[in-house]
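Below you'll find the structure, written out as structure tokens, and then a few comments.
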There are 2 protein chains.
Amino acid sequence: MSGPTESRVTSKDVAAAAGVSRSAVSFAFNDPAKIADSTRQRILAVAKELGYTPNPVARMLQQGRTRSLGVLLPQDLPQIMENPYYSQFFVGLGQVCHREGLTLLLTPPLRNSMLKAIPYAAVDGFVVCGLEVDRGEVAELRRRGIPFVLVDSDPPEGVPSVDVDDQAGAREVVQHLLDLGHRRIAVISFDPGPDKEAYGYRGPLARRMAGIREALAGAGLAMDDLPLIEVPCTREDGYHAAKNLMLLDEPPTALVTLSDILAVGAIDAMHDLGIDIPGQISITGFDDQPEAAWVRPRLTTVRQPIIAKGRVAGDFLISAIRGETQHPHQVLHTVLIIRESTGPIR
Amino acid sequence: MSGPTESRVTSKDVAAAAGVSRSAVSFAFNDPAKIADSTRQRILAVAKELGYTPNPVARMLQQGRTRSLGVLLPQDLPQIMENPYYSQFFVGLGQVCHREGLTLLLTPPLRNSMLKAIPYAAVDGFVVCGLEVDRGEVAELRRRGIPFVLVDSDPPEGVPSVDVDDQAGAREVVQHLLDLGHRRIAVISFDPGPDKEAYGYRGPLARRMAGIREALAGAGLAMDDLPLIEVPCTREDGYHAAKNLMLLDEPPTALVTLSDILAVGAIDAMHDLGIDIPGQISITGFDDQPEAAWVRPRLTTVRQPIIAKGRVAGDFLISAIRGETQHPHQVLHTVLIIRESTGPIR
DNA sequence: ACGGTCTATTAACACGAGTTAGAAACACGT
DNA sequence: ACGTGTTTCTAACTCGTGTTAATAGACCGT
């Protein structure tokens with residue numbers, strides 16, 4: 001009966017059992033040329049017998065590489081995993097990991113701080129997601145010498161980054177509504193978080209807002225003329241926000257939501273209120289997540305290439321890890337997907 | 001201008017700059033009681049000045065813990081991430097990580113081998129997913145002394161494991177069809193992989209097949225009487241399989257699929273063929289993934305508690321890591337969700 | 001038998017931390 | 001002045017690996 005809590009067997013144990021030095025064991029595994037084939041075979045046999053496998057952490061320390069990429073996330077794991085956006089992003093990132101033979105370490109905030117999570121992660125580099133307000137994360141990664149890529153942020157100069165042209169996307173979708181004759185347009189935005197007070201809008205949200213403003217300006221409208229509701233990004237919140245908007249004295253004829261999830265909730269609300277889409281109201285989403293094509297009516301939305309974003313972020317990170325010193329900054333395009341949830345005003 | 005490739009600063013550098021020993025630096029950070037407060041402040045100041053943060057890998061090696069859980073996966077990352085099943089599973093596992101303050105390391109097969117991936121992962125324990133044919137993974141983890149939990153497998157004795165009562169689920173859904181009067185039932189199964197030849201059905205697939213067989217037996221039918229198609233688990237494959245089944249001389253009146261994805265494809269096929277669901281054919285899924293409630297008609301399916309499975313697996317792993325020597329084996333229940341895609345034979 | 005070349009093997013170090021035992025410095029009471 | 005006790009710091013070890021420089025030994029030709 002081999003004890004269940006047998007202490008882990010190290011290369012020292014193998015060396016002792018085979019009657020050689022520790023170095024010989026290492027050579028047997030890593031550098032067959034430096035050792036006689038007969039003793040190599042003997043060492044390997046003993047190693048197998050004892051069930052020896054090198055300790056990954058020790059090897060990481062010695063080699064200075066971990067063979068895994070880190071993703072520094074802005075929310076806790078359950079929230080991230082519930083969000084289909086990240087599923088797609090991880091598909092793209094996963095393609096790179098697969099190609100390079102790397103693992104993926106998901107690093108949520110530690111005690112509500114992305115910064116605090118950094119020093120505990122054993123990775124070769126970080127993809128930093130949704131860092132809208134930099135609380136020292138960039139400086140920390142920089143001086144620590146860890147390669148990293150910023151995604152969905154306000155990228156400072158000299159840092160590799162990947163973003164999407166949120167502004168153009170928002171502009172186009174609002175322009176689409178204007179072209180259909182809508183003027184009373186309401187906006188349902190996802191919550192900018194507590195940082196809005198101190199910093200105003202940041203990152204993708206700021207760009208989307210700017211895009212909306214830009215399109216409105218072309219029609220002689222201002223943001224302040226429109227009702228705006230900010231809620232957490234769940235279906236229920238979209239539902240309630242939309243319902244409340246329809247109770248206004250002059251209810252909107254079009255609803256611009258900044259996320260498909262909110263739009264789906266809004267569609268539910270209209271359904272319950274007996275309001276026809278797009279006959280009485282037009283609704284738009286953002287992201288083009290799978291739900292957008294499932295709901296009825298199918299959702300007009302702004303598609304952003306999430307999988308490509310993940311893949312490009314991974315590629316940039318790989319090249320940063322390889323020591324290439326360029327700092328590429330790529331902005332991916334959005335596409336307006338017109339489906340059935342928008343129509344002309346009547 | 002601080003150089004960009006400044007070599008990482010270690011505790012030795014801090015010690016030298018502060019004129020103390022390395023140990024003092026360590027104490028300043030970890031054990032304030034063992035050092036004079038004045039020098040502690042000085043060390044911390046110097047450390048901050050130099051931008052020192054302890055190396056996570058070195059600490060892991062010394063402390064013998066990594067503060068991260070591993071998930072040993074049966075497929076490559078892109079495939080995993082495309083699969084909504086795993087998104088839900090990771091939500092449950094993420095809850096545990098969040099509670100315990102741990103990170104999550106996704107470990108796909110290395111060169112097509114789960115076994116080979118094990119020695120490269122720096123984790124405190126593994127959740128092993130979908131290990132249907134054990135090629136030494138269990139032995140490897142055991143002798144390495146790494147705690148682990150098996151999920152969706154054929155768990156051997158003395159190993160913590162979490163499973164779902166697939167057999168009961170399959171039995172009930174087939175019974176439901178039998179109760180509706182169906183006798184010509186076809187099965188679309190996901191591909192059992194190349195191991196079927198050598199080992200036959202294994203794991204959840206084996207249990208689901210057994211459940212089907214069991215229900216059929218009650219009605220005096222045998223598995224061999226039914227058409228069975230095995231395909232990879234994608235929507236397109238479900239589509240083509242369903243279409244082919246309808247071309248048979250005596251087409252089935254009910255379609256049992258072993259995954260919602262396949263069922264959704266089958267629904268598409270019936271739509272294209274102009275066959276009414278559930279008027280002319282009944283279709284059932286398995287898992288109750290979000291799509292099941294989105295498609296029209298809404299899918300009758302077997303719900304398995306995926307999030308709970310992830311959470312229980314995480315809990316078992318945590319207690320195994322804590323050294324508790326029980327080997328719990330939990331089987332979660334399924335629920336038959338009857339929606340609109342099944343109806344009485346006519 | 002001897003110097004030389006070549007090969008198999010090992011001792012010693014590096015990676016970067018945490019930790020134990022003990023030395024040095026100082027205060028105190030007698 | 002001496003022993004005792006306390007505080008403050010450090011030398012030296014640990015974790016488990018990979019790698020370099022040096023040693024021991026075998027083999028060869030003359």
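Reminder, nothing fancy here: chain letters follow the sequence lines and each chain counts from 1.
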Counting just side-chain N and O atoms, does A:T10 come under 4.0 Å of either OP1 or OP2 of D:dC15?
-> no
Rounded to the nearest Å, what distance is computed from the CD atom of residue B:Q41 to the P atom of nucleotide D:dT8?
-> 14 Å
No-H, no-angle donor-acceptor pair, B:S23 side chain to D:dA11 base, under 3.5 Å | yes
5'-most contact on DNA chain D: B:A58 or A:K34, nearest heavy atom basis?
-> B:A58
On DNA chain C, nearest-nucleotide positions of B:F27 versus A:A36: which is more 5'?
-> A:A36
At under 4.0 Å, does any side-chain N or O of B:N30 touch on OP1 or OP2 of C:dG18?
-> yes
For the pair A:E100 and A:R322, find out whether any cationic side-chain nitrogen is under 4.0 Å from an anionic carboxylate oxygen.
-> yes
Using atom CD of B:Q62 as one end and atom P of C:dG18 as the other, report the distance to the nearest whole Å.
-> 7 Å
Side chain to side chain donor-acceptor pair (under 3.5 Å) between A:T103 and A:R67, intermediate numbers included | CA-CA 7 Å; A:T103 58; A:R67 307 197 65 68; over 6 Å; no
Under a 4.0 Å N-O cut-off, is there an ion pair linking B:D152 with B:K309?
-> yes
Spacing between B:K12 atom NZ and C:dC13 atom C1', to the nearest angstrom = 11 Å
Checking all strands, does B:Y52 fall into the base, sugar-phosphate, or nothing category for heavy-atom contacts under 4.0 angstrom?
-> sugar-phosphate
Between CZ of B:R40 and P of D:dT7 the distance, given in whole Å, is 17 Å
Rounded interatomic separation in angstrom, taking CG from A:D37 and P from C:dA8 = 10 Å
State whether B:D315 and B:R99 are salt-bridged, where the test is any N-O pair (Lys NZ or Arg NE/NH1/NH2 against Asp/Glu carboxylate O) under 4.0 Å.
-> yes
Counting any heavy atom closer than 4.0 Å, what does A:D31 reach on the DNA or RNA strands: base, sugar-phosphate only, or nothing?
-> nothing
Between atom OH in A:Y120 and atom C1' in C:dA17, what is the gap in whole Å?
-> 13 Å
Should B:S21 be listed as having a side-chain N or O under 4.0 Å from OP1 or OP2 of D:dC9?
-> no
Answer yes or no: side-chain N or O of A:R22 and base N or O of D:dT17 forming a donor-acceptor pair under 3.5 Å.
-> yes
Counting any heavy atom closer than 4.0 Å, what does A:S26 reach on the DNA or RNA strands: base, sugar-phosphate only, or nothing?
-> base
What is the distance from CZ of B:F29 to P of C:dG16, rounded to the nearest Å?
-> 16 Å
Pick base, sugar-phosphate or nothing for B:L61, based on heavy-atom distances below 4.0 Å to the nucleic acid.
-> base
Distance, rounded to the nearest Å, where A:I35 contributes CD1 and D:dG18 contributes P | 13 Å
Using a heavy-atom cut-off of under 4.0 Å over every strand shown, decide if B:V57 touches base, sugar-phosphate, or nothing.
-> nothing
How far apart are the C-alpha atoms of B:Y120 and B:T107, what are their side-chain angles, what is the distance that settles it, and do they pass the side-chain contact (heavy atoms from CB on, under 4.5 Å) test?
-> CA-CA 9 Å; B:Y120 286 91; B:T107 312; over 6 Å; no
